[in-house]
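Values below: every heavy atom of this structure, side chains too, minus hydrogens, waters and symmetry copies.
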Amino acid sequence: MSIGFIVTIFLIGFIGSFISGMVGIGGSIIKYPMLLYIPPLLGYAAFSAHEVSGISAIQVLFATIGGVWAYRKGGYLNKTLIIYMGTSILIGSFIGGYGSKLMSEGGINIVYAVLATIAAMMMFVPKKGIDNIPLDQVTFNKWLAAALAFIVGVSAGIVGAAGAFILVPIMLVVLKIPTRMTIASSLAITFISSIGATVGKITTGQFDFWTAFIMVVASLIASPIGANVGKKVNTKILQFILAALIVATAIKIWLDIL
């Protein structure tokens with residue numbers, strides 16, 4: 001493993017985890033395509049889609065810990081939302097993570113592209129007034145939240161993504177959760193989800209240990225920094241950044257598949 005390769009992987013992990021902490025996602029929507037395309041572009045060996053999804057799952061587990069820790073004060077974490085959606089997504093992500101070994105690389109990429117496309121469309125649905133709701137007065141349909149989280153968990157477990165990139169649009173558009181509470185709570189839910197996906201990937205041997213270790217180190221440094229920046233950025237800007245990331249990723253993956 002060369003110094004150049006180590007630096008490349010560290011930077012991919014750092015950039016993805018910084019954005020992860022800032023906009024409330026696990027970061028796989030950024031790191032999945034970066035891991036897939038950047039190393040071979042720089043002359044290093046390419047990872048398979050199975051390896052990338054496994055590395056992403058493990059890295060997300062640690063990136064979200066840092067983000068949740070940074071948001072632990074201020075009333076941003078909705079415990080009821082985290083319990084209902086976290087439990088459902090944990091079960092779903094374990095099923096998806098374990099079952100992904102039975103899928104082809106093309107199949108994994110298609111699942112990822114479909115999820116990104118749905119998430120992209122949802123981000124452009126108007127979200128008027130949700131940020132005017134006091135954090136201690138937020139209400140939502142608990143069983144709808146649990147059902148949607150299970151579906152997201154199965155799909156996201158397949159690609160090792162933990163599902164936050166589609167959970168965030170669901171929480172904003174369907175459940176009407178304020179932006180900063182969505183960002184903080186989605187990081188906690190994503191942490192729970194990534195446990196199931198990580199166990200599924202490790203037990204089926206779908207990861208590279210040293211690459212995952214480098215990504216984890218980068219995550220623990222960058223994610224809290226991103227979360228602290230996110231607290232100070234206007235919520236509309238945060239929504240725009242997330243929407244742009246999701247749209248760009250969906251277009252890139254579809255272009256490669258087609």
Side-chain angles (χ1 to χ4, degrees), residues 20 23-29 32 49-50 53-54 56-57 60-61 64 78-104 106-125 127 130 138-177 181-201 204 206 242-243 245-247 249-250 253-254 257:
S20 157
V23 298
I25 57 175
S28 283
I29 194 159
Y32 185 94
H50 284 99
S53 62
S56 295
V60 164
L61 182 70
T64 48
N78 186 311
K79 293 177 183 176
T80 305
L81 184 67
I82 292 166
I83 290 169
Y84 273 85
M85 296 191 83
T87 303
S88 294
I89 204 168
L90 175 61
I91 296 168
S93 66
F94 178 77
I95 294 170
Y98 192 83
S100 64
K101 189 171 178 66
L102 305 175
M103 296 181 65
S104 67
I108 290 175
N109 284 334
I110 288 173
V111 168
Y112 187 84
V114 169
L115 282 175
T117 303
I118 294 170
M121 291 188 292
M122 290 181 70
M123 284 305 295
F124 291 99
V125 174
K127 295 173 278 292
I130 62 170
V138 173
T139 58
F140 60 94
N141 186 318
K142 298 180 179 69
W143 297 110
L144 175 62
L148 291 171
F150 177 78
I151 294 168
V152 170
V154 173
S155 305
I158 290 172
V159 297
F165 66 94
I166 191 167
L167 270 184
V168 169
I170 285 173
M171 291 164 76
L172 289 171
V173 177
V174 181
L175 302 178
K176 307 294 185 185
I177 308 295
M181 180 175 280
T182 289
I183 289 172
S185 299
S186 71
L187 282 168
I189 294 164
T190 302
F191 166 70
I192 297 170
S193 165
S194 64
I195 295 172
T198 299
V199 171
K201 296 294 184 181
T204 52
Q206 298 181 66
L242 181 60
L245 288 169
I246 294 172
V247 170
T249 303
I253 296 289
W254 277 119
I257 290 172

**Message:** My understanding is that only one of Ile118, Ile177, Leu144, Leu148 makes a side-chain contact (heavy atoms from CB on, under 4.5 Å) with Ile170; could you say which?
**Reply:** Leu148
**Request:** Could you grab the distance from atom OG1 of Thr190 to atom CD1 of Ile82, nearest 0.5 Å is fine?
**Result:** 10.0 Å
**Asked** Which atom pair, heavy atoms only, marks the closest approach of Ala120 to Val247?
**Response** CB-CG2, 3.8 Å
**Message:** Are the side chains of Met181 and Met171 in contact, using a 4.5 Å heavy-atom criterion?
**Reply:** no
**Prompt:** Going by heavy atoms in the side chains, are Val174 and Met122 under 4.5 Å from each other?
**Reply:** yes
**Request:** Kindly indicate whether the side chain of Val168, heavy atoms from C-beta on, has any atom under 4.5 Å from the side chain of Ile183.
**Result:** no
**Message:** Would you compute the distance between atom OG of Ser186 and atom CG of Leu172 and round it to the nearest 0.5 angstrom?
**Reply:** 8.5 Å
**Prompt:** For the residue pair Ile192 and Gly86, what are the closest heavy atoms and their distance?
**Reply:** CG2-O, 3.2 Å
**Request:** Answer yes or no: is there a side-chain heavy-atom contact under 4.5 Å between Asn78 and Phe140?
**Result:** yes
**Prompt:** Can you tell which of Leu90, Ile95, Ile89, Thr87 makes a side-chain contact (heavy atoms from CB on, under 4.5 Å) with Phe150?
**Reply:** Ile95
**Asked** From Tyr84 OH over to Asn141 CG, what is the distance, rounded to the nearest 0.5 angstrom?
**Response** 10.0 Å
**Distance (rounded to the nearest 0.5 Å) between Met85 CE and Ser185 OG** = 9.5 Å
